[in-house]
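Starting from 1, each residue takes its place in the sequence as its number.
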Amino acid sequence: MRAIKSRAWKIDWHCKLPSKIKVYTGRGKCFAPYKLALSVQQEDSLTVFWKFYSGAESIETARKDLTLLKKRNELLDKDSDGAIEAVWVDNCCAVRPKIHSITGPDTLVLLDTFHWQQRWDDILFDKNSEKTVTFQKLMRRAAFITEDSEYARAKAFLIRRNKKQPSPSEIYKEAKSTIPPADMLEKRVMAVIHALMQKDLQADQNRIISSLTHEVPTRFFKRGAQTLNLIMNQLEHVKKGCLSDPPDYKLKIFMTNPK
């Protein structure tokens with residue numbers, strides 16, 4: 001792990017496992033000193049660092065270790081001076097200045113797509129309904145696209161491997177998706193939100209017409225200001241480019257293995 005170079009960091013905090021780690025101090029005596037765990041992966045999803053912490057979840061808690069990790073990368077990758085081109089975190093805009101103080105001002109600080117998708121759950125009317133599953137699928141399709149060149153590569157690869165024409169679903173499963181630039185991504189996300197809000201409006205009208213007196217889970221989104229505020233906050237990250245993949249001249253995301 002210590003010999004792996006990085007052009008990018010994917011930083012994620014964990015809280016379930018650390019509390020289960022016990023330290024033995026004698027017969028029948030032990031305590032749980034850890035509250036958090038930090039893992040860092042590089043651009044090809046290889047782990048380059050992990051550690052348990054007893055402090056709060058913040059960049060300051062891990063500043064010393066991240067600084068040493070940057071120095072380690074400088075020793076491993078002398079050709080590019082160990083530059084970290086991009087860092088993915090779950091609170092990009094809040095920690096961007098702190099990340100820059102460690103990696104330098106040229107580093108892109110981006111939002112982890114998993115956490116962005118997960119935050120939509122707070123405004124969904126019923127998390128266990130089929131409409132929630134539909135929303136999640138539509139939002140994933142809005143966030144990820146398969147470029148024409150990648151579609152052609154995946155199709156040619158499957159033809160060579162299987163000696164037959166693959167179906168579109170097989171091609172999309174093999175292809176690597178990317179997150180488009182901010183302007184395109186905003187249009188795709190807004191298209192999903194507008195379509196589902198229109199469905200919610202129709203559901204409310206049908207409920208009034210039917211004179212239903214009890215609440216039924218027929219909506220996609222909850223009513224109220226919380227929903228509008230969260231949508232605005234989510235779109236702010238989209239407009240700023242926090243979700244979009246780095247340009248190819250900045251970072252080569254996918255490792256090509258000729259074998």
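The side-chain heavy atoms of I102 and R63, taken from C-beta on, include a pair separated by under 4.5 Å. Between W88 and H115, every side-chain heavy-atom pair lies at or beyond the 4.5 Å cut-off. Looking at L124 and F221, their side chains come closer than 4.5 Å, going by heavy atoms from C-beta outward. Side-chain contact between E170 and K155 is absent, with no heavy-atom pair separated by less than 4.5 Å. V48 places a side-chain heavy atom less than 4.5 Å from the side chain of R72. In this structure, the side chains of R140 and K137 come closer than 4.5 Å at one or more pairs of heavy atoms. Counting heavy atoms from C-beta on, the side chains of K240 and H237 never come closer than 4.5 Å. Using a 4.5 Å heavy-atom cutoff, the side chains of E85 and L108 are not in contact.
Atom CG of D148 is surrounded by 12 or fewer heavy atoms from other residues, nucleotides or ligands within 6.0 Å. Heavy atoms of other residues, nucleotides or ligands lying less than 6.0 angstrom from NZ of K173 number 12 at most. In the displayed structure, M184 atom CE is contacted under 6.0 Å by at most 12 heavy atoms of other residues, nucleotides or ligands. Counting non-hydrogen atoms of other residues, nucleotides and ligands closer than 6.0 Å to NZ of K250 gives a total above 12.
Of all non-hydrogen atoms in E174 and A154, the two that sit nearest each other are CG-CB, 3.9 Å. Scanning both residues, P246 and L110, for their nearest heavy atoms gives CG-CD1, 3.9 Å. K35 and P18 make their closest contact through C-CB, 3.8 Å (heavy atoms, listed as atom of the first residue, atom of the second, distance). Minimum heavy-atom separation, I123 to I231: CD1-CG1, 4.0 Å. Residue A32 comes nearest to K22 through the heavy atom pair CB-NZ, 4.0 Å, listed as atom of the first residue, atom of the second, then distance. Taking each heavy atom of A56 and L36 in turn, the nearest pair found is C-CD1, 3.4 Å.
The residues K71 and E74 are annotated as not salt-bridged, no charged nitrogen and carboxylate oxygen being separated by less than 4.0 angstrom. In summary, D204 and R219 engage in a salt bridge, as defined by a charged side-chain N under 4.0 Å from a carboxylate O.
In this structure, M1 belongs to a hydrophobic cluster whose other members, linked by side-chain heavy atoms under 4.5 Å apart, are L17, I21, Y34, W50, F52.
Ring centers of Y53 and W13: under 6.0 Å apart, within the cut-off.
Side chain of D200 to backbone of F220: a donor-acceptor contact under 3.5 angstrom is found. One N or O on the side chain of T134 and one on the backbone of E130 form a donor-acceptor pair closer than 3.5 Å. Put simply, the side chain of E43 gets close to the backbone of A8: a donor and an acceptor are under 3.5 Å apart. Under a 3.5 Å cut-off, the side chain of T146 and the backbone N or O of Y151 do not form any donor-acceptor pair. Side-chain N or O atoms of S244 include one that pairs as donor or acceptor with a backbone N or O of P180 at under 3.5 Å. Under the 3.5 Å distance criterion, the side-chain polar atoms of E186 are left unmatched by any main-chain donor or acceptor of L235.
F125 and L196 are not part of a single hydrophobic cluster, where members link through side-chain heavy atoms under 4.5 Å apart. Put simply, V189 and L228 are part of the same group of oily side chains (I, L, V, M, F, W, Y) that touch within less than 4.5 Å, one to the next. Put simply, L138 and W120 are part of the same group of oily side chains (I, L, V, M, F, W, Y) that touch within less than 4.5 Å, one to the next. Both V238 and F135 belong to a single network of hydrophobic side chains, linked directly or stepwise wherever heavy atoms of I, L, V, M, F, W or Y lie under 4.5 Å apart. Cluster membership for V192 and L243, using ILVMFWY side-chain heavy atoms within less than 4.5 angstrom, is shared.
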Inset, instruction - Start with the C-alpha distance between F114 and D12, add both sets of side-chain angles, then the distance that settles side chain to side chain contact (heavy atoms under 4.5 Å, CB included), and finish with yes or no. - result: CA-CA 11 Å; F114 170 80; D12 194 15; over 6 Å; no
Inset, instruction - Decide yes or no on side chain to side chain contact (heavy atoms under 4.5 Å, CB included) for L66 and W9, but give the supporting numbers first. - result: CA-CA 10 Å; L66 293 177; W9 288 346; 4.2 Å; yes
Legend entry - Stepwise side chain to side chain contact (heavy atoms under 4.5 Å, CB included) check, E150 with T178: CA-CA 10 Å; E150 177 61 16; T178 56; over 6 Å; no
Inset, instruction - Give the intermediate values and the outcome of side chain to side chain contact (heavy atoms under 4.5 Å, CB included) for residues L68 and F49. - result: CA-CA 11 Å; L68 292 174; F49 177 81; over 6 Å; no
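The structure places CG of L230 at 6.0 Å from CG of D122, a figure rounded to the nearest 0.5 Å. Here the CG atom belonging to D90 is positioned 7.0 Å from the CG atom belonging to D112, to the nearest 0.5 angstrom. Rounded to the nearest 0.5 Å, atoms CD1 (I179) and SG (C242) are 11.5 Å apart. The line from NZ of K10 to OG of S45 is 3.5 Å long, rounded to the nearest 0.5 Å. Note that the OG atom of S6 and the CG atom of L76 stand 8.0 Å from one another [nearest 0.5 Å]. Put simply, CD1 on I99 and CD1 on I59 are 4.0 Å apart, with the number rounded to the nearest 0.5 Å.
None of K78, Q42, K5, R7 except one satisfies the side-chain contact (heavy atoms from CB on, under 4.5 Å) rule with N73; the exception is K5.
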